[in-house]
Each structure stands twice: as C-alpha cells, then as structure tokens.
2 protein chains.
Amino acid sequence: MELTERKKKVLRSVVDLYIRTAEPVGSKAITELPDMKYSSATIRNEMADLTAMGYLEQPHTSAGRIPSAAGYRLYVDELMLDYRLSMDETKSITNAIEEKMQRVDKMVEKVAKLVSQATNLPAISAASRSGNACVQRFELIQAGQGSFILVLMLSGERVVNKLIKLPLDVGESDLKLLSAVLNATMTEIPLEGFTTELMDRMMRSAGAASSLVPVILDFTQETLKNHAATNMAVVGQSRLLGLPEYRDVDKAQRVMASIDEEALSNLPAVMQDANGTKVIVGPENVADELKDTSVVMTKFDIGDGLQGMIGVVGPTRMDYAKVTARLSYFAESLSKMFAKPETPQLPQAEQDDAGQ
Amino acid sequence: MELTERKKKVLRSVVDLYIRTAEPVGSKAITELPDMKYSSATIRNEMADLTAMGYLEQPHTSAGRIPSAAGYRLYVDELMLDYRLSMDETKSITNAIEEKMQRVDKMVEKVAKLVSQATNLPAISAASRSGNACVQRFELIQAGQGSFILVLMLSGERVVNKLIKLPLDVGESDLKLLSAVLNATMTEIPLEGFTTELMDRMMRSAGAASSLVPVILDFTQETLKNHAATNMAVVGQSRLLGLPEYRDVDKAQRVMASIDEEALSNLPAVMQDANGTKVIVGPENVADELKDTSVVMTKFDIGDGLQGMIGVVGPTRMDYAKVTARLSYFAESLSKMFAKPETPQLPQAEQDDAGQ
DNA sequence: TTTAGCACTCCATATCCTTGAGTGCTAAGC
DNA sequence: GCTTAGCACTCAAGGATATGGAGTGCTAAA
C-alpha cells in the first residue's frame, strides 16, 4: 500500500493529538481539526490502512488509535513540523546559560538542571574528555617541613595538583633535581608508556629524592587513568511522575532506577557515533526497562578535547518537536559560549578538592 | 492516664508491626506475638487507652491502629530496641567504604550511593567546610608564552590552581617579583579583608606585572567565597516508589521534588546544631511536602575543617532501628577512616577540573 | 483485673449494569 | 472510483449494589 500525502497528514494529526492528550485518538477528533475536510468515515478508512501498514495501533477494538514505534519513527524523521522557539524561550535559555559555570562537574549539573526545567522531563548531562593525555610538565613546590605540592600540566591545558606529605625531609635542591629528571624522562608519555622498566630507570636517576618517585608516579598514573572519566549528572527524575504514562508506579520505578544506573554508563557510548540530535524511540532502546520510553540527545562542544552531551528521557509520547528544538538550542548556545574566547568565565583549569 | 510498662510494650509492638506490614495493626495481631500473654480484649482496652493518650490513631472505626507522630517520637526516643548489625552488614559497609575516595565531590556521591543501597531508601550526603579560609601562600609558575599557573595554598591543607592566559607577555622575573609581593601583602587575609584599599595598594606595588593582579585577585576571592560551599548528592529517589505509602504518585512526586530542591538547602542547616544521629518524624518536618515523611541524619568528621553529613528520607513508618544503626555505623566508619593517618587513600588535596 | 461473647461498623472486593466512544462494513451519493 | 451517511457491534470505564471480613466497643461473667 502506498503512503499517500493524505495518509501522512492523518498520521501526523494522530501523533500530534496523542502527544497532547495521551489518549487514543478517534476518527472524529481528527475530523474536528482545522484543515481536515473529510468525514469521519474517510478518516476511519485511512486509519485502518495506517494500522495495517504498522504505523498505528489499537489498544482494543472500540478504542481510538495510538502511534506505534514505527509511527513515531516516521513522525520524528519526516512528518513533524519544526517547533520555533519563542523569543521568551531563547532568552530564558540564554540567560540561564550565561551564568558562571566554573568547574566542569558543576557545569554538568547546572546544565542538566536547566535542560530538565526547560523540557519538564528528567535530563542527563555529561562531559567527557576524549583521547589520551600525557603530562607536559612536572612542577614541585616546597610547602613546608616534609610536604610539597606536585603540579602536573597535562595536554589540553589541564592542570592538576596534589599536596604530598612524607615523613622524611626533602630539601629545595632535591626537589629541583627531581623535577628536572621528571621533566626529562616522564613528559609526553601516555599511560601505556608507564612500563616498569621506565619507572625503574626513573628511580635510579632520582638520586637523593628517589623515595618520592613512587608517590609522584602513582598519582600521575591515577590522573592519566582518570583523564577520560565521564562526568555525569541526572536531574529531575521526579518530573516523570507528573505524566499519565507513569501513573503506574512500578513502571515509573523501573524507568527511574534504570536511568539512575544503566543509562548512566550506556548513553555516552551511544552518543559517540551520533551527530546532531538523536532520537531513540521506545522499543529502539537497548535496555528492556526503557522499551516504552524515548530518549533525545545532543552533543555539544566544549573545546580542548572536552565533549559534552545533554539528553532527555520521557514517554514515547513526548513532544519531540519541542524537545528537540530546545535541546538543539541549548547545545548550540553552549558550544557558542565555549567557543567565544572573550567570555571571561569559562570552565577554567580551576581545581578543587578535599582536605585530607 | 499513666503510661504503664504494659502500655509501652503494646505500643512498641504496634509500631514494630506497622513498620513491617504498613497495614493498620489490630488487637488480634498483637495477641499472636510471642511474649504477649493477654487476650485480644485486654489488648483492645490498652489500645483504646493509647489512642486516647494520642500515641495511636485509627484510620476508621473498624480498622486497626497506626502510630501517631507522638507514637513514633516515643518509639524512637525510648521504646525501640537497638538493632544489632550482623557481621555481614558491617563487613559489606566496611568493604564499600574502604574503596578509594579521591575527591570530596566523588566521595559524597559514593557515600550517598552506599547509604541508599544499605537502607534501600533515598539518601542525601553532603560535605562542607566550616569557618573562613585564607591564602597561606601564592605560587606562580610560568607555563608558556603569555600563560602561567596560579597555585594557592589555603589554610586546611587545601591547594587550588588555575591556568591563566593573557594576551601579554610576562617574564620569569616579573612573576617572581609578583609572587613575592602577593605573599607579603595578601596572605593570611580572609575574604572580608579584601578591601578596595588593599587591592589598590597591591596594584601599585606590583610593578611591571600589575596587569595580572586583577585576574589573580578575582580568582582568589572567588576561591575564598566558594570555600564553604557545600557539596551535596541525592541518590536513589526511585526507591521511594517501592514503598506502599508512595503508591500515590502525587505524593511521591511532591516528596521527591522537595528532596531534590528544598531539602538540598535546608538540611545541612538543620544538621548544624544537632549531634549524633537525629530523627525527624513526619510532622516535625518544616517543609509541608514532607509532613508524612521522616528523615534520619548523622554527621561525620572528615578532619581539616571538613564536615560530612549523611541522611536518609523515607516514610514515617520506616525501620528506625535498622536505619539509625546502619547510618551510625556508616558515620563511625567514615570518621574512623579519615582519622587513620596511615590509610593511604584519603581525599587528598587532589584537584580536578575543566578544559578550555 | 482479665476475658469471652456479641452486636455493630465500615472498608475492600467482587459483580453487575449502563453508558458512550469508537469501529468496520455496507450501500447510497457525487 | 472516491467519499460519506448509517447502522450494528464491541469493549473499557465508571457507577451502583451486594458480600465478606477484620476490627472495634461494650457488657457480663470468671
């Protein structure tokens, strides 16, 4: 059977209405739409065809139709009309973003919160560094009796430091020597290059300060290992409960538990190869608990090997047009903001921490 | 009316049973408990008295009794039997804690996750620094053409750094001079001491490198301002949905939304003056949405002016004995772990950050 | 002081019925 | 050959009504 223009129009109407009302859509409701000048019987015939073609489903004989996964897919890919953000919307998003975002982890949390607010759905935000890092320079600063600060300058303009305390005394000159040796032997070496052989060699050339070497190299390795670690935030799960499809508490719990845990590790991977905004419609999801839940995601660029991702989780019946529009705008604004060099408050190589 | 020993015993039984079953407790159920050698009629009389005294409530005439807020309070303060952690429990908690906890924020998240798992309830964890900080030493490290690294050593063994890039060239000697001046004028000064007068003086004595001063002082102030910032994590909200009292989706949503937002700012304040483990029973809660939700919290010590807090949110009918036992054990283990100087993997003054 | 017995209350659950939205099909109209 | 009016049919949702059972309070006897 052929998918005529009229069929497409009917399908679009059904999806639109279902998104709005969360109730099966009957032929009469379609008739009442402006711009729809056929009788309910005609629409009925079209809907029967669309059902046969797999784009619509019927919960039971005497109910209206709801879109099937294939129906949503077609809608998302072809049918849906672009949602245009109002001035108010763009302005409030832009305002929100332009507040200071200092550290990456705070930024990730903040962005998740904003997206969740903007879409009224649970949001996931993540940032991760791509590629391998290596140390570009070591710096040792005396900090008192038996304690010094190790500063690592990494590729990608990242700076990391650690206060090291040892029971033994180390002199200024020892530190100078040690840092010279470190810079000579251990720079520009990725994690894989840290062979026992290399570390042994390092130990031997360290001289008087050789007892510091293990501590320093341990921390260095740890840092390199964590370099690609993903920073992630999930915010606003409770918004799911406002939607009729999650009146079923068990379902809500399954979905929420799964976005808490599983998605947390899976989604960034899914995002890897995608470009632009990606929509995963219900059954296309890998995780079983998410079979009737859709996900919309976008990447954004932070620069310097840092990759960001924002996503939204919601019912299969979600307002894809609105959500994708807002998400894209977010991603765009964020990318733009990080690209602008004159903006003073970018996530700088600030650091924070703990106290012993 | 006097609260006899027998009345107390009956009350304890009612609370215990209600905690287990979430159903109103009838006189017969009490009779069937071991160690309860009265007939249902006697128990009925006692329950009638307890109801008159305000410790029990009756949803409707022909239902059993449920504890009132006052009943819970009495139970928590006097009646409840100490829950003894099994070997398995202590072991699994200890194991979980002993994994590396590097940075404070990661640690906070991790702890929240563990507590939530251990109690099967949503958990809140927070860490905050108390008191005012000041810089103990400034250190400037040349990092390339027109860029250098600012390292601040703060009170409490905290170290923070930032990569600063400027369009102008700064020489090694300029940096040396500048850091000497900074260390001479700006150390040991809390945030309040950063008067415009002082900053002006600083500017004047900085000489050739005076253009760096604003950037440096801005960052320093920002850091001091953020010093007492609370790090917080909320985990496991979805666990609420497993409980019968939150089958009512609206209620669940209200509670979840409120622990997401409000509690986030209020709880640490509540904790401030408390000592040991604190239980807030339902209606004692300030926030309206939490009127039928209880909170159990404990502080723990991280040392170096860092204070930790873990808490759990659940239905008024929660297993207070078990929850407080587990929470206290957690707090104790954490405090002990941070006190032990020989433990190698404490949240050290490690740092991490962002790109750009 | 305790307890057996009894009448009473009231919620929860099951069952039945009604209502109405929506369908598919057929036959007539354009 | 489409389109549409009409009609019989289906089925879930919601309201009304019964039924059962858990639990109570009270009284009177042990």
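Following rounding to the nearest Å, A:Leu56 (CG) and C:dT23 (C1') show an atom-to-atom distance of 14 Å. If you take CD of A:Gln58 and C1' of C:dG24, they are 10 Å apart, rounded to a whole angstrom. Atom CD in A:Glu57 sits about 15 Å away from atom P in C:dT23, given to the nearest Å. At whole-Å resolution of the value, CE in B:Met36 and C1' in C:dT2 are 15 Å apart. With rounding to whole Å, A:Asp49 atom CG is found 13 Å from C:dT23 atom P. Going from atom CD of B:Glu32 over to atom P of D:dG23 covers 9 Å, rounded to whole Å. In this entry the distance linking CD of A:Glu46 with P of D:dC2 reads 11 Å, nearest Å. Across the protein-nucleic acid pair, A:Ile43 atom CD1 and C:dG24 atom C1' stand 15 Å apart, rounded to whole Å.
In the model, B:Thr31 has no side-chain atom that pairs as donor or acceptor with a side-chain atom of B:Ser40 under 3.5 Å. B:Thr293 and B:Tyr246 form a side-chain donor-acceptor contact under 3.5 Å, judged by distance and modelled atom types alone.
The pair A:Asp250-B:Arg247 meets the salt-bridge criterion, with a side-chain N (NZ, NE, NH1 or NH2) lying under 4.0 Å from an Asp/Glu carboxylate O. With respect to B:Asp288 and B:Arg254, no salt bridge is recorded, no charged nitrogen being found less than 4.0 Å from a carboxylate O.
The phosphate of D:dC2 has neither OP1 nor OP2 within less than 4.0 Å of any side-chain N or O from A:Arg6. Contact annotation: B:Arg65 reaches the phosphate of D:dG25 (side-chain N/O to OP1 or OP2, under 4.0 Å).
Listed by first then second residue, pairs satisfying salt bridge (Lys or Arg N to Asp or Glu O under 4.0 Å) with a partner in residues 52-67 of chain A number zero, not counting sequence neighbours.
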(message) One character per nucleotide, please: for nucleotides 4-20 of chain D, 5' to 3', B when the base has a protein heavy atom closer than 4.0 Å, S when only the sugar-phosphate does, - otherwise.
(response) BBB---BBS--------
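In terms of heavy atoms, A:Ser13 sits closest to A:Ile30 at CB-CD1, 3.8 Å.
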